[in-house]
Amino acid sequence: MKPGEAKDMVLEAGKRLLKEGLVTRSWGNVSLRLDKRWMVVTPSGKRYEELLPEQMVLVDYHTMEYEGVFKPTSEASMHAAIFRARPEIGAVIHTHQVYATTVAVAGKEVPAIVDDQAQILGPSIKVTRYQRSNSDELAGEVVANLAGRNAVLIANHGAVCVGRNMDEAFVAAQILEKTCQVFMGAAMLGGAQLINAEEASRLHQEYLTDYSRRAEE
Ligand SMILES: [Zn+2]
């Protein structure tokens with residue numbers, strides 16, 4: 001992928017997050033892995049509607065040096081830590097979506113309760129311990145609780161969703177929001193019936209294998 005193409009995709013994804021109500025203003029951020037060194041991220045504190053693709057920022061996810069007119073999002077270190085830890089991941093979306101944030105604030109791990117959740121997000125959705133935004137400690141917590149999964153809740157803050165490409169990360173963000181809403185609704189009815197843990201792992205593995213096969217075709 002050329003840097004220009006990646007910048008288009010990152011800005012497009014930022015605008016789509018706004019349109020779908022997964023973030024308000026620019027409080028959320030998006031990144032795409034370009035190669036073994038660079039990622040493209042949204043800039044810090046700018047409104048996506050007023051930005052141009054060339055204003056997206058190239059960041060070296062090993063050193064955090066960047067190339068761009070604007071500074072990268074202040075949460076770039078979290079994106080970088082994920083790209084370093086998860087070679088199969090191509091895109092990261094960080095949101096403050098309401099239902100996911102609500103569950104994150106309550107500090108509740110979401111077990112496998114919906115089949116598409118288990119397929120796309122993995123066997124459960126974990127919550128990090130509280131750490132200050134933009135800190136290395138938070139990046140570490142996010143990576144640890146995201147292991148083997150495509151979504152994680154950040155205590156008292158929001159969520160991070162990942163995918164092999166931007167579309168997959170986007171679907172993860174949508175499924176996460178729906179799952180958290182369903183989880184809260186089921187709690188009002190006395191609690192959700194769980195999908196057996198082995199079955200949940202199998203569903204996720206099947207999704208990953210099927211996806212790889214389709215990606216190769
Ligand atoms: Zn945030």
Side-chain angles (χ1 to χ4, degrees), residues 9-33 39-51 55-57 59 61 64 66 68 70-86 89-110 121 125-147 149-163 166 168-181 184:
M9 284 175 71
V10 166
L11 180 56
E12 217 35 62
K15 288 181 180 166
R16 200 175 146 200
L17 284 177
L18 276 173
K19 210 158 58 194
E20 297 193 12
L22 294 170
V23 295
T24 43
R25 296 191 48 154
S26 64
W27 297 330
N29 35 72
V30 178
S31 65
L32 193 65
R33 189 201 298 267
M39 62 178 182
V40 174
V41 302
T42 42
S44 174
K46 305 284 176 196
R47 301 181 75 116
Y48 297 143
E49 311 94 299
E50 293 161 7
L51 285 169
Q55 292 167 326
M56 300 299 106
V57 192
V59 179
Y61 55 82
M64 300 310 289
Y66 69 92
F70 298 129
K71 281 204 299 194
T73 165
S74 56
E75 293 174 296
S77 61
M78 196 163 68
H79 295 252
I82 294 169
F83 287 134
R84 289 195 303 268
R86 297 276 295 270
I89 294 304
V92 176
I93 295 179
H94 166 52
T95 67
H96 302 155
Q97 55 195 65
V98 174
Y99 286 106
T101 305
T102 307
V103 177
V105 162
K108 302 273 189 205
E109 177 169 350
V110 184
L121 306 183
I125 307 160
K126 294 187 173 183
V127 191
T128 67
R129 275 182 303 184
Y130 176 80
Q131 296 289 355
R132 193 74 70 85
S133 290
N134 320 330
S135 65
D136 289 344
E137 289 78 11
L138 179 59
E141 275 286 310
V142 164
V143 167
N145 289 285
L146 190 61
R149 290 159 172 79
N150 283 344
V152 60
L153 301 175
I154 307 176
N156 309 96
H157 184 152
V160 172
C161 291
V162 300
M166 193 62 85
E168 207 188 8
F170 232 101
V171 170
Q174 290 162 328
I175 296 287
L176 174 68
E177 192 65 348
K178 186 197 78 170
T179 303
C180 289
Q181 190 177 4
M184 290 164 58

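Just follow the structure's listing: the first ligand is 1, and inside any ligand the first atom is 1.
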Q | Worked check of side-chain contact (heavy atoms from CB on, under 4.5 Å) between R16 and E20 | A | CA-CA 6 Å; R16 200 175 146 200; E20 297 193 12; 3.0 Å; yes
Please give the atom name: the N, O or S atom of [X] nearest to the Zn ion (ligand 1).
X: H94; answer: NE2
X: H96; answer: NE2
X: E75; answer: OE2

So does [X] have more than 12 non-hydrogen atoms from other groups sitting under 6.0 Å from [atom1]?
X: K108; atom1: NZ; result: no
X: R84; atom1: CZ; result: yes
X: K71; atom1: NZ; result: no

